[in-house]
Amino acid sequence: MSPTVRTRFAPSPTGYPHVGNMRSALFAWLFARHSGGVFIIRIEDTDVARKVEGAVEGILDGLRWLGLDWDEGPEAGGDYGPYVQSQRLELYQEAARRLVSQGDAYYCYCSPERLEEMRADQTRRKQPPGYDRRCRELSQEERGKKEEESITPVVRFKTPLTGETRFHDIIWGDVVFDNSTLDDLVLLKSDGYPTYNFANIIDDHAMEITHVLRAEEFISSTPRHILLYRAMGYEPPYFAHLPMLLGSDRSKLGKRHGAVSITDYREQGYLPEAMMNFLALLGWSLDDRTELMSRQDLIDNFSLERVSKTAAVFDRQKLEWMNGVYIRNLSPEDFLGRVLQSLEEGLPSEAKRPLSIDYVRQIAPLVQERVKTLFEVPLLTRFFFVDCQEYDVTLLIPKNMDTESTRRALEVSRQRLEALASFDAESLEGLLRPLAVELELKTGQLFGALRTAVTGQKAAPPLFETMAVLGRETCLVRIEQALGKL
Ligand code: GLU
């Protein structure tokens, strides 16, 4: 029997939850869920200088919002904890000592100033950057002298000087690096903290990770990892490096492409299930057609064999389209719940709270077919909740009409609406369509003037339903106010 699949997402808390990182988390989660395995979160917080307050919470919130539950990690606990690297320093220090004592690593006493000079010199000579290995072969005596100067050393790995290191990547196939291109990387810094590369392999081994899924940019770190696994006598896990994410201009997805934090998408009214579907297709596909897949579809069908090497483009228009589809597919009750929340958050403060659920229940169906994000809901429906008389008078006057003809159209409409027996959508349509003919106007002209008068905006939900929900009294008052403007 093959061992249980154990995957992990290992974020560094150095900032907001980037959609690229969330894509890595999603793939690792999908692979674990598909295989009946275990999904682990490990916080890689060993870069003390780059640690950002609140970043861990932001990342965990982002994961929760997307619906990625974890079996082991912060909050969840587990048998392989602690799951935060800064709480595991002993382990790395012990491993570093072991590598030194077996001759695979060494203490380096070079000062930051010396390293700085060395780097400047390398740049000047157009040599590749990298440690010049000055401390690699220090004699016992030389080392003793450094110790007396009480310099706290770093621990560096003794990278083989020749030969090559190869590994098999599930997505990229065999990858080979020349050892001469790798320098003697630092394993343990002078503050006693490990570097990413070292802590990462110690933990992937200690936590019995079977499959490492991470972004393509870590391919170049992997030969170092392989050498470290070998030196430690550990069996490396399987590797699958996920293709790069690009912005629509085909450069690496970054800040200049606008929202890159998963939190931004939540705030802009994207549904987590749409986001999950969208992210899953950034580098993976079921076939060359299928776009819409539920969480369960994704779990059932995910495979590393269908992860591509080709960089994936983060196409916001596609995301928007997909989100619209997910919104339309929500049950009315589910949509209502989300509309309530987006109205609570998005309506101006003068809207009366708490919002009436019965009122919102009448409004929600009018927008469900129309919005691509929940963020649009309060914009499209604010006139249901607040006064809307601040529009410019030119908005009232339809194409090919003037003040006079608009005034007449609204005046006649007002009288007829006042006398209408029943103020429901059907009766309103039955009244207003023939009225346009009678007034020798196109329906678009009459409805346009009325729409602006009762909603204060040009884009609004369907006119008759909107008027019915607003009610006769409000409509008449607003038409009166519009006439006052003309
Ligand atoms: N801490 C690394 C990061 O920030 C993890 C990389 C890996 O998965 O090995 O992405």
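Basis for what follows: all heavy atoms, side chains included, without hydrogens, waters or symmetry-related copies. Residue indices begin at 1 and follow the sequence shown. All ligand and atom numbering here is 1-based and tracks the order in the structure.
- From the protein, the heavy atom lying nearest to atom 10 (O) of ligand 1 is Phe218 CZ, 3.3 Å.
- If you check which protein heavy atom lies closest to atom 8 (O) of ligand 1, you get Arg8 NH1, 2.7 Å.
- Comparing His18, Glu44, His225 by heavy-atom distance to atom 1 (N) of ligand 1, the nearest is Glu44.
- Note on ring orientation: taking the six-membered ring where Trp is involved, the planes of Tyr270 and Tyr265 are perpendicular (angle over 60°, cut-offs 30° and 60°).
- For ligand 1, the polar-atom distance check finds no N/O of Pro11 at less than 3.5 Å from any of the ligand's N/O atoms.
- The number of heavy atoms from other shown groups lying within 6.0 Å of CD (Glu350) is above 12.
- In this comparison of Pro13, Ser221, Ser12, Ala215, the heavy atom closest to atom 4 (O) of ligand 1 sits on Ser12.
- Counting heavy atoms under 4.0 Å from ligand 1, residue Phe9 does not touch it at all.
- For Phe9 and Trp29, the distance between ring centers is not under 6.0 angstrom.
- Note that CD1 of Ile171 is 8.5 Å distant from CZ of Phe27, once rounded to the nearest 0.5 Å.
- Close approach of ligand 1 to Tyr196 (heavy-atom distance below 4.0 Å) involves ligand atoms 2 (C), 5 (C), 6 (C), 7 (C), 9 (O).
- When non-hydrogen atoms are compared, ligand 1 lies under 4.0 Å from neither the backbone nor the side chain of Val212.
- Under the 6.0 Å cut-off for aromatic ring centres, His211 and Phe31 qualify, their centroids lying closer than that.
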